[in-house]
Structures are given as C-alpha cells and as structure tokens.
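What follows is a set of notes on a single structure, which appears directly below.
Note that this is a predicted model, so its numbers are computed, not measured.
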Amino acid sequence: MTQTSQNKLSFKDDFMRRLSEVKATRWVRFGIVAMLFIAWTIWLGSWWPAIFVFLLFDIYITGYIPFTWWKKSKNKAVRSIMSWVDAIVYALVIVYFVFAFVGQNYQIPSSSLEKTLLTGDYLWVNKMTYGPRVPMTPVHFPLVHNRLPIINTDSYLDKPSVGYKRLKGLRNIESGDIVVFNFPAGDTVASKFEDTPEYYDLLVKTYGRDRVKNDKNTFGEIIYRPVDRRQNFVKRAVGLPGETIRIVNDTIHIDGKPVAFPENVQFNYIAAMNGPLTDDIIKRLGITASDVETMSLNEFDRANLSTWIPGAKDASHFYALPLTAKMISELTDAGMLKGCIKTNTLLPPGAQGGFLFPDGLAESWSLSNYGGDTGIVIPAKGMTIKLDRDNWLTYQRAIRNYEGHTDSYYRDGRVYIDGKPADTYTFAMNYYFMMGDNRDFSQDSRFWGFVPEDHVVGTPMFVIISFDRDRSLLDGGIRWNRIFRDANPDK
C-alpha cells in the first residue's frame, strides 16, 4: 500500500490495519506486560496509573507515537547510538521499578551488626516483606542513593514529591528482625560529614550550632534530605510500637521481661593477652581490624588494671577490642587470654549520658544501663501521651520532625502543638527501637531515638558477596563462605 493510499484511510481502517500487522509474539509480550502493570496498579491501591495501559498498547501494538523513529533512519550512526540509548533507558526503567517495589542491593559500611553482618557484606534487601514504600521523591536516578558520582550532585529532584504510603506487605516488623531504614537524624546534614558517624545533631552538640552553620570550610553546606534520600542504616529491631524498653547490665528488658542476647552479640573489652594478636588471629576471630586498638601501658596502668583483671599483671599485651562470648572462650582455651573486662564498667557514672537519647533525661544513663528506672515507651500509631516536660523531651523529635508539627515547643511549663497549648498528643505513626549487635560500637537508637515507620526500607534476605577490606583480593579479600548466606540467622 502506498503512502498516499494510507493517508486516505480512515482512523478506524488504519487502526484495524495496524492490528492485523502485529505478530502473535508481540501480542503475547504486550499481554504479559499489561497484566503485570495492572497487578501493580491494584497493589498500589490507586487506579489513575492504569491510564498508562493505553501507552503500553501503543508501544507494543499500534505504534502511533514514534518511539522507534530511529530504526527507520538512513544514518547508520544514529541507528547504532539510539539502539544503545533505547536499551539503556529500558533497563533503567526496569531497575527503577525493581529497586522501588521489590528489593535492591545494600552495602554494610560499618561494624555495628558484627558478627551477624560484617563490614564489606553486600546484601539483597527485600522490600516486599514489610511492603514497599511508594517513592517519596519519584524523580531519581535508580542506581545511586542521593549523589551522582563524578559530577557530585543530587541524584534526585525535590519536586514533585509524594506523601508517605506503604503498599501491603507479607508481615509487620517483628522483634529480632534486622531492618534497613533511612537514618532518622539524617534529615539535616553537614555535607562534609554525611558519610561519617558524626551526624548533624551530634556536631551541634559537640561544636555548637553557630559554628557548624557558619564554618563551611570544616563542615560544608547544611542541606536537607527527604526521607527516602537519607543515609541507609541497618540495625536489629529490639523494641516494637507500644512496648517499653529498658537496658539493665547490657540485658534488654521489654515490658519488664529480659530478652535473650542474639547468638553473635559482642561487647567492647580491655583484654590482657600473653602474646600479640596477629593479623591471622584477628581474621580467624572475624574482627574488623580497625576495631582493634593496641594499648601501651606503663607499670602504673598495668597495676591498676590488675585490680580489675585477674592475671593482667602477668600479661604482656593489652588490647581494646570487641568480643563475643564464643571468642572469649576460644582465646581462654587457647591459653592466650589472661583476663578481660568490659570497657563500659571502667567509665565513671554519666560519662556517656550527655550523648544519649533523649537529651535532658539521659545524663546518668549509659549504653549498658539505659532507660532509667521505668524505661522508655516506644510510640505506636493511635497512642496518646500526656504532654509534660519529660514526655516532651522524649517525643519532641517525633512530633516535630517526623509527624510534621514544626511549630511545636515547650515554654513556661507548657507544651504547644502547632502554636496552641496542648495537654495530650496522639501519634500518627508506629515507631521502632533499633540497636546493633556490636553493642559498644553501634550508633543506634540509644543515641538518636526512635525510627518512624515511614523510614523503614526493608529487611535483608541474604549476602550477595562479601569483601574483607583489610585484605587484598588475592589474599582472602573475598569471603567465599559468606556468599548467599542468610542475612538474619537468628530469626
């Protein structure tokens, strides 16, 4: 049929001609994609995206919109380049949907969950278990988190933005789950410290707000991150919405009942050894080398330590390092460990309290004894609290920063919500208390408080691959025994 005769066809005749020319395999591909898209729309709980089915129909069947115009180009270079562009865009769209609604890879950057998860582990994080969040910043590049490499600029657009919505998942978060979440205190960021443990509130507490804000050479720009663009953390959920958490001599108590330690929980010790800890011993124990500190002691220090550590006077080497109960037993049985003492027990009362959550209430607390005499109640959706001074100190960040009541404050013995006096407050979200298994090396809820439900990303399923950063690839740099290992063996 000539071009002139095609132009004379009515829309109906042209439409039917296009349908008749479509191969059966094309119809099958369209049917599969359309069914997946409609299923996703039903899961999303919103019907307006269904209008894009008509776009899919045109892409696969009718071809009115010339998406593949380049295939008819007489220029070979145009056809070659555009074929790559087409493949890359198609792949990025698939990756976008998989990473947003199914799962994605995640790297363990620190030792806070050792020995369960190790620094250098790359995890596959399942977002469907708790239900994936609808992207709050929908316009973003899917292969990076919040910064584009090389050009060093944001990988997302602040607008348009979408309010928090979570699709239906398989179950809720359970006690003991390992959870990946966006760092709650990472809403405000000093750009030069974003990838360090020194978050903005800690910098302000250490150096003062004015210096952090004005000394750009040291701290960089002060920027705001949307919820889903904040740094990813991974910790263990130890307290659930509505529960009361308290720590007594390192044992977590939930609603007054002690909780068993995870199998691989470890604490920081000062250890007296009769020989040096070689690299091979550290590797065999599975300790991150940067967490091992060699201590140089004079005779006075050695004599003082011997009052707390039996056998310390006869030891020749002293270390500060994290150990599990199993490691202590192995080193003792091997005749290497003369004795050890938890580092926290040597600190004076209140030494850690100034850095713990909540400010104003935790001055006498420590990492090992946390929550005072009564513990802390973790907020639950629909839970109503009395607004007195102590509750304001505990829940002000949840009220102001996470639930959006920015014009709220405590003044003259009274709490004001949205600028109005209030005696009670009812929470709009569920919250969680997260901690690392490497208890004394974990920056967790004991420092920065509760994790809101809208910050939850997912739960790691398995280790994809693991690299030991202290060793080269040819010298045990790949931990082959961890590939495809369960990421949460305690569950």
Side-chain angles (χ1 to χ4, degrees), residues 1-105 124 126-129 131-144 155-157 159-163 165-170 228 458:
M1 185 180 291
T2 66
Q3 183 66 38
T4 303
S5 60
Q6 286 186 34
N7 291 339
K8 292 181 180 179
L9 289 176
S10 67
F11 173 78
K12 178 181 178 181
D13 292 337
D14 183 55
F15 181 76
M16 296 305 296
R17 177 191 64 79
R18 290 171 183 257
L19 293 183
S20 66
E21 294 176 353
V22 177
K23 296 180 180 180
T25 55
R26 192 82 175 167
W27 280 103
V28 171
R29 289 167 61 190
F30 166 71
I32 293 172
V33 172
M35 284 190 294
L36 290 173
F37 187 82
I38 292 172
W40 173 77
T41 302
I42 295 171
W43 188 28
L44 193 63
S46 176
W47 287 102
W48 70 264
I51 61 175
F52 288 101
V53 171
F54 296 103
L55 179 62
L56 291 173
F57 187 80
D58 184 70
I59 291 173
Y60 281 91
I61 307 299
T62 53
Y64 283 106
I65 302 175
F67 287 110
T68 58
W69 58 269
W70 49 272
K71 291 184 177 181
K72 299 178 181 179
S73 175
K74 296 180 180 180
N75 189 316
K76 185 177 179 180
V78 170
R79 294 197 306 272
S80 178
I81 293 172
M82 288 307 300
S83 66
W84 279 101
V85 171
D86 180 75
I88 291 171
V89 170
Y90 186 80
L92 287 176
V93 170
I94 297 298
V95 168
Y96 179 98
F97 276 90
V98 170
F99 279 15
F101 296 99
V102 180
Q104 70 182 96
N105 61 303
W124 179 256
N126 185 351
K127 296 186 176 183
M128 300 178 69
T129 300
R133 295 176 302 187
V134 175
M136 301 175 190
T137 50
V139 183
H140 66 269
F141 190 77
L143 296 177
V144 295
S155 62
Y156 62 92
L157 297 180
K159 296 180 180 178
S161 62
V162 178
K165 180 178 180 180
R166 187 175 297 277
L167 306 187
K168 186 175 178 58
L170 302 176
D228 58 344

Spacing of [atom1] belonging to [X] relative to [atom2] belonging to [Y], to within rounding of 0.5 Å:
X: Leu56; Y: Ile51; atom1: CG; atom2: CD1; answer: 11.5 Å
X: Ile88; Y: Met82; atom1: CD1; atom2: CE; answer: 10.5 Å
X: Ser161; Y: Met136; atom1: OG; atom2: CE; answer: 10.0 Å
X: Arg29; Y: Ile61; atom1: CZ; atom2: CD1; answer: 9.5 Å
X: Ile81; Y: Lys76; atom1: CD1; atom2: NZ; answer: 12.5 Å
X: Asn105; Y: Leu143; atom1: CG; atom2: CG; answer: 9.0 Å

Polar side-chain atom of [X] near backbone of [Y] as donor-acceptor pair, under 3.5 Å:
X: Tyr96; Y: Pro138; answer: yes
X: Lys127; Y: Phe99; answer: yes
X: Asp58; Y: Tyr64; answer: yes

Heavy atoms only: give me the nearest [X]-[Y] pair and the separation to one decimal.
X: Lys71; Y: Arg79; answer: O-CD, 3.7 Å
X: Gly131; Y: Arg166; answer: O-NH1, 2.7 Å
X: Ala100; Y: Pro132; answer: O-CB, 3.6 Å
X: Val134; Y: Leu44; answer: CG2-CD1, 3.6 Å

Taking C-beta and beyond as the side chain, do [X] and [Y] meet within less than 4.5 Å on heavy atoms?
X: Val102; Y: Met128; value: yes
X: Pro142; Y: Leu92; value: yes
X: Ile65; Y: Ile59; value: no
X: Ile32; Y: Tyr60; value: no
X: Asp228; Y: Tyr156; value: no

Before accepting this row, confirm whether a basic side-chain N of the pair Arg18/Asp14 lies closer than 4.0 Å to the acidic partner's carboxylate O.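 Salt bridge: yes.
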Residue pairs involving residues 25-45 (criterion ring-ring contact (aromatic ring centres under 6.0 Å, His included); sequence neighbours excluded):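 For residues 25-45, and leaving out neighbouring residues, the ring-ring contact (aromatic ring centres under 6.0 Å, His included) pairs sorted by first residue read Phe30-Phe57, Phe37-Trp40, Trp40-Phe97, Trp40-Phe101.
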Side chain to side chain contact (heavy atoms under 4.5 Å, CB included), that's the test. Do Asp86 and Trp70 meet it? Break it down for me. CA-CA 10 Å; Asp86 180 75; Trp70 49 272; 3.8 Å; yes
